[in-house]
Amino acid sequence: MNKLRGDYDDRPDRYDGHECPSYDLNRRKHIMPRYDAKRIEAHWQQSWETNQTFRTEDTVPTGDAAKKPKLYVLDMFPYPSGSGLHVGHPEGYTATDIVCRYARMKGRHVLHPMGWDAFGLPAEEHAVKTGTHPRETTEQNIATFKRQLKMLGFSYDWTRELATTDPDYYRWTQWIFLQIFDTWYDADHVWTGPDGVQRKGKGRPIAELPIPDDILASGECQPSSTTSEPLASAQSVKTANASDRPVDTGRSPEVMEAIRRYQDKHRLAYVSDAPVNWCPALGTVLANEEIIDGKSERGGHPVVRMPLKQWMLRITAYADRLATELDELDWSDSIKFMQRNWIGRSTGAEVDFRIEPHGAMSEEESQARDGRQPSGTPAEFETWKATRQSNGFPRDPEFDVIRVYTTRPDTLFGVTYMVLSPEHALVQKITTEGQRPAVAEYIRKSSLKSDLDRTDLAKEKTGVFTGGYALNPVNGARVPVWIADYVLISYGTGAIMAVPGHDERDYEFAKTFGLTIRQVVAPPLSSGHIVDLGNAAFTEIGVATNSGKYDGLSTADFKCQISNHLSQAGLGKEAVNYRLRDWLFSRQRYWGEPFPIWHELDADGNPTGLMRADTAESLPVLHPHMDDFKPTGTPEPMLAKATPEWLFKTAADGVKLKRETNSMPQWAGSCWYYLRFCDNKNSDKFIDPAKEKYWLPVDLYIGGAEHAVLHLLYSRFWHKVLFDRGHVSSPEPFQKLVNQGMILGDTDYSVSPEVFARQRAVFEGMGLIPLVLKTDDAEIVALRNPADDPDAYRPLTEDQVTKEKGKAHLKGTEIELTGRTDKMSKSRKNVVNPDHVVKDYGADALRLYEMFMGPLEQVKPWQMNGVEGVYRFLGRVWRLLIDDRAEAVILSAAVVDTAPAEDQLRILHKTIKAVTDDIDRLAFNTAISRMMEFTNFMSGQETRSKAVLEPFVLLLNPFAPHIAEELWHALGHSTTLTYVPWPSYDPALLVEDTVEVPVQINGKVRAKIIVPANSDAAALEAAARAEEIVQKNLEGKTVVKVVAVPGRLLNFVVK
RNA sequence: GGCCAGGUGGCGAAAUAGGCAGACGCACGGGACUUAAAAUCCCGGGCCCCUAAAGGGGCGUACGGGUUCGAUUCCCGUCCUGGCUACCA
């Protein structure tokens, strides 16, 4: 009997002491020495909870503790849906958990929280159907998610748990909204932030917004509708700062109101009256990205476009910083690329085209001159140019000028027509009487189309001639003006100059309507390009032609020169545009954050358009009580049905107020939760600045790629506003980002409906269950095995299918099967529930399998028998240390206290190095392989040194923490291994004495030689030449060259 | 249409700086233990060909080229799959 075993048996109870709760003594008899995941996992989860093992102190460390480097590791928090976790969720969670457990052992101070993105439509849809309050449903769902996450043994600090639906949380969501509401963007402000970086552009308090003179003078006279004065030049404005509030200046109420309206137009949160996507079935508006193929993403309901008053957030003000500040982040290139694409910055020029007054020429004259230099340019055009020459390029164009945006000002001489978007303000003015009916009809039709409908018809360009003309500022040429819905009102200026020779869209349009196509760019001679404008547009850069004095210039030089010339002539200006639009920030639902905003009402109870914000102290604005949750059926928000007590109040100054009844979208709560986790119980501030400074930015953020653009862009935007306003010290929230790959369902075998009908009897005879599924273009019949649990997914197993020459057949038949791996989804009934996996194999096996499947970032199919494989590995590890034929959990007799044999020591140190390096690069699949190799080797050893096994258990801990704790305890330790230092390796032990080196003849391996590890080229060659097979291969040949890479290979090049 | 990622045995995958392709695991085949089964342990294996065997040869990382002594890896072209995006002037 070995000594250790005796020691161990002497313990009154294995789990006595404060660290580990005791087992019921009666149950001890039933403890099987076999690896029993269920027992071990329940025990250690209880132990971690009792001892608060993973709790992170809620204070910023000082003294020695402050020397520990911090590590903030965050999962994208889940929406707690009614169906609970599926196996895709724990993929990222296991990865972060491994990193955290490893980091704790490496001596890092770790923050690892979890919470709930809990507002959202499903709970409210459920409320509409059943009358159950969404809060109740949400809480139930959270409880399910939490139970499942705890079951998997993740090392979250649960004391930091939060839900976006907690009034204590959304109080601060509302507070941040008020900060955004209180901010305007000063694009020219140059400043240095707390990070020491100089930036141009800053979000500043609205009280600091300069008010132009014409606003300040609005009490005395009417402001001019257009002005050529710059809006906020130093000479023409006075600054209204915080201490200089309009109310204190003794200004008239009219001026006060003008100032307030002016401020409201400049806030980062503002109300707009633009067309939006209204979904009657869901009773809310939807953002463009919430609509797929013209239907709502959730539910697939139809969507119509209509103008509605909506809250918008001015994210476009931050477009440039959101794009450029990506550079410093440790994110994948593809995600950065997607964000940059979404922001879509382009540089070009705005150019003004003057409209030709109607009736200036006869129709005949017009036809004759169309597109050509007019002989006698109208005097008005010359006068206008002269005015521009002296006054410069105005902020807003005159009422008879079309302003266009182009990225190719070098093609101005190739403009043969212009297009206004149907919503453009000048359409009515420019349209001639003759064209009016056609134009009106076109506008009516296009207003019915959503942006998506417009693109669906992309192949066929549509449009109508307005009858009007404009004059090209560079040569005075008359160009016809059309309207067409391929030009969007929401991008650039809503109008374009069309250059069909050098733009594909314009080319298609010109071809459709028989418009002139003119070449003004020639390909560079060296390119060998041949331009055939009869066939296609030439959109590349090249050399100018047919462009007057600019002929011969390269595209780049031309752009530069013409921008200067236009600018000097007051006809154009360099401009930057973004694809990114302002963020539609309101929804019409109950289950979202109410806005902390009041609307002023006049004596008749009508809104005046003026607003007041709730004070920070009065937050949160709670939800009103509702008798039912049915949508109003109109675009009127749900909350408009609230009680008058909630909806109305009278301010101290006697003004009647009505509450804002829109609610915030689900994105709001997830925009800043990473901040609250650092200080989730603070009732004075949304986060203590010291804690923000210590914990931020998040060091590792892992989640699905579906959030690559929106969530990450929105949070970065909020973070930057908070940064500008001095509430956070870091310019970016997430330093390193990793997207885990999606987990697909196990292979599902199916046949066509025809085959199924024909062979029905065969399938039924085998007891297979058919399931009709729709794929993109066809119906298929999936074949499944029967299951007790209706939710369980039981596809055909490998031994029910024979595979030959790439074809699969149902075993014992000639019936050909199609195998597919699909996304897991309810409708396909191929979702794997972690509860089932844990029940059969345990949490450690599930965690291990999630990581063993393949690289974290890759898409990979779930295979149930893969879980079996890692489960067997855990069993082997168990038997490596534990005597599985004993009555209790005691060490195996093979485990000894003596010094390890050199080969055991060597493989241990190799394993330590490999596992450490692999965790560092998030390559968990190969780390697990290395631990399997270690286990396979050690299992074959008659005696296994404790000195080798102990470090191995530490290596296993981040991956399979329950079994690791259990084994650590069996090895005689009484405290958790959570904070035991990570093993280090001795590089000297990694070096082998001898190495096997392949010998190649002309690159083909012909022999292998075993040589001392430090053999040089000459020694390698000598050893190789001594081999019989090498001599045979070299016989009668001339050795042209010998390539020797010491330690790696030897290659004879022969003739 | 555009962009991005990927394509390696029957399957999931590995090869970290151009150097033995297929580590590790699944499934499969053979054996041991067992009354039997499960569990466990041992052995085998990319494909094809020659050989009684020992052994040997050819082909092989989607396909076609290229660079190199040597390519899964680098370059050019083609095909396929998945994801994102969709008239952004």
Side-chain angles (χ1 to χ4, degrees), chain A residues 34 332-335 337-338 341-342 344 346 348 404-408 411 419 451-452 454-459 461 484-488 490-499 503-506 508-509 577-581 705-706 708-709 741-742 744 747 797-799 801-804 806 808 819 821 823 849 852-855 857-870 872-873 875-876 879 884 914 917-918 921 923 925-926 928-933 936 939-940 996-1005 1008 1029 1040-1043 1045 1047-1054:
Chain A
R34 289 250 310 263
S332 74
D333 287 340
S334 65
I335 296 285
F337 188 85
M338 281 166 78
N341 257 1
W342 192 263
S346 76
V404 301
Y405 172 72
T406 177
T407 54
R408 292 291 299 270
T411 59
V419 183
D451 279 359
L452 280 142
R454 289 188 179 189
T455 62
D456 281 346
L457 301 169
K459 280 139 222 148
K461 291 269 183 293
D485 62 10
Y486 83 93
V487 173
L488 308 175
S490 49
Y491 185 77
T493 58
I496 61 155
M497 56 179 229
V499 187
D503 180 281
E504 276 173 27
R505 297 149 302 184
D506 297 345
E508 280 174 37
F509 191 84
N577 261 295
Y578 300 93
R579 213 185 70 105
L580 182 71
R581 306 294 151 80
E706 66 273 19
V709 176
M742 198 191 311
L744 306 175
T747 308
T797 57
E798 296 257 321
D799 53 2
V801 178
T802 43
K803 286 183 199 165
E804 244 172 44
T821 51
K823 260 188 213 181
Y849 180 62
F852 188 63
M853 284 201 294
E857 298 183 59
Q858 198 166 298
V859 179
K860 38 208 177 276
W862 182 269
Q863 295 185 323
M864 212 48 176
N865 50 27
V867 185
E868 190 102 29
V870 293
R872 285 208 277 260
F873 162 66
R876 282 167 73 83
R879 290 188 300 275
D884 67 337
D917 292 351
D918 284 350
R921 61 192 180 93
N925 53 334
T926 47
I928 294 167
S929 307
R930 300 310 286 263
M931 291 190 287
M932 286 173 169
E933 285 179 90
N936 291 346
S939 295
E996 191 187 57
V997 172
V999 180
Q1000 299 180 338
I1001 314 287
N1002 283 347
K1004 285 192 196 293
V1005 178
K1008 286 172 186 179
I1029 181 92
V1040 183
K1041 189 175 171 185
V1042 178
V1043 181
V1045 185
R1048 300 225 67 150
L1049 109 170
L1050 186 74
N1051 187 15
F1052 290 100
V1053 186
V1054 301

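Convention: sequence-line order gives letters A, B, ...; per-chain numbering from 1. When reading the values below, keep in mind they use all heavy atoms of this one structure, side chains included, and skip hydrogens, waters and symmetry mates.
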Using a cut-off of under 3.5 Å, enumerate the N/O to N/O pairs linking the protein to nucleotides 43-49 of chain B.
none

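Residues meeting the salt bridge (charged side-chain N to carboxylate O under 4.0 Å, His left out) test with A/Asp503, sequence neighbours left out: A/Arg505. By the ring pair (Phe, Tyr, Trp, His ring centres under 6.0 Å) test, A/Phe509 pairs with A/Tyr417, A/Trp482, A/Tyr486, A/Phe513, sequence neighbours left out. For A/Ala708, the side chain to side chain contact (heavy atoms under 4.5 Å, CB included) test picks out A/Ile335, A/Met338, with sequence neighbours left out. Take A/Phe873 and apply the ring pair (Phe, Tyr, Trp, His ring centres under 6.0 Å) test, not counting sequence neighbours, and it matches no residue. Every residue two or more places apart in sequence or in another chain that forms a side chain to side chain contact (heavy atoms under 4.5 Å, CB included) with A/Ser929 is listed here: A/Phe852. The side chain to side chain contact (heavy atoms under 4.5 Å, CB included) test applied to A/Arg879 returns A/Arg876, A/Asp884, not counting sequence neighbours. Applying the side chain to side chain contact (heavy atoms under 4.5 Å, CB included) test to A/Glu857 and every residue at least two apart in sequence or in another chain returns A/Val738.
Distances shown here put a side-chain N or O of A/Asn936 below 4.0 Å from the OP1 or OP2 atom of B/G25. OP1 or OP2 of B/A89 sits under 4.0 Å from a side-chain N or O of A/Ser346.
The A/Ser334 side chain lies nearest to B/C4 when the options are B/C69, B/A86, B/C4.
A/Tyr405 comes within contact range of at least one nucleobase, with a heavy-atom separation under 4.0 Å. No contact: A/Ser939 has no heavy atom under 4.0 Å from any strand.
The backbone N or O of A/Ser346 sits nowhere less than 3.5 Å from a side-chain atom of A/Asn577 that would complete a donor-acceptor pair.
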Can you build the contact string for nucleotides 10-22 of chain B? Use B for base contact, S for sugar-phosphate-only contact, and - for no protein heavy atom under 4.0 Å.
SSBSSSB--BB--
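As the counterpart of B/G44, B/C28 is assigned, both hydrogen-bonding distances of the Watson-Crick or G-U wobble pattern falling under 3.5 Å.
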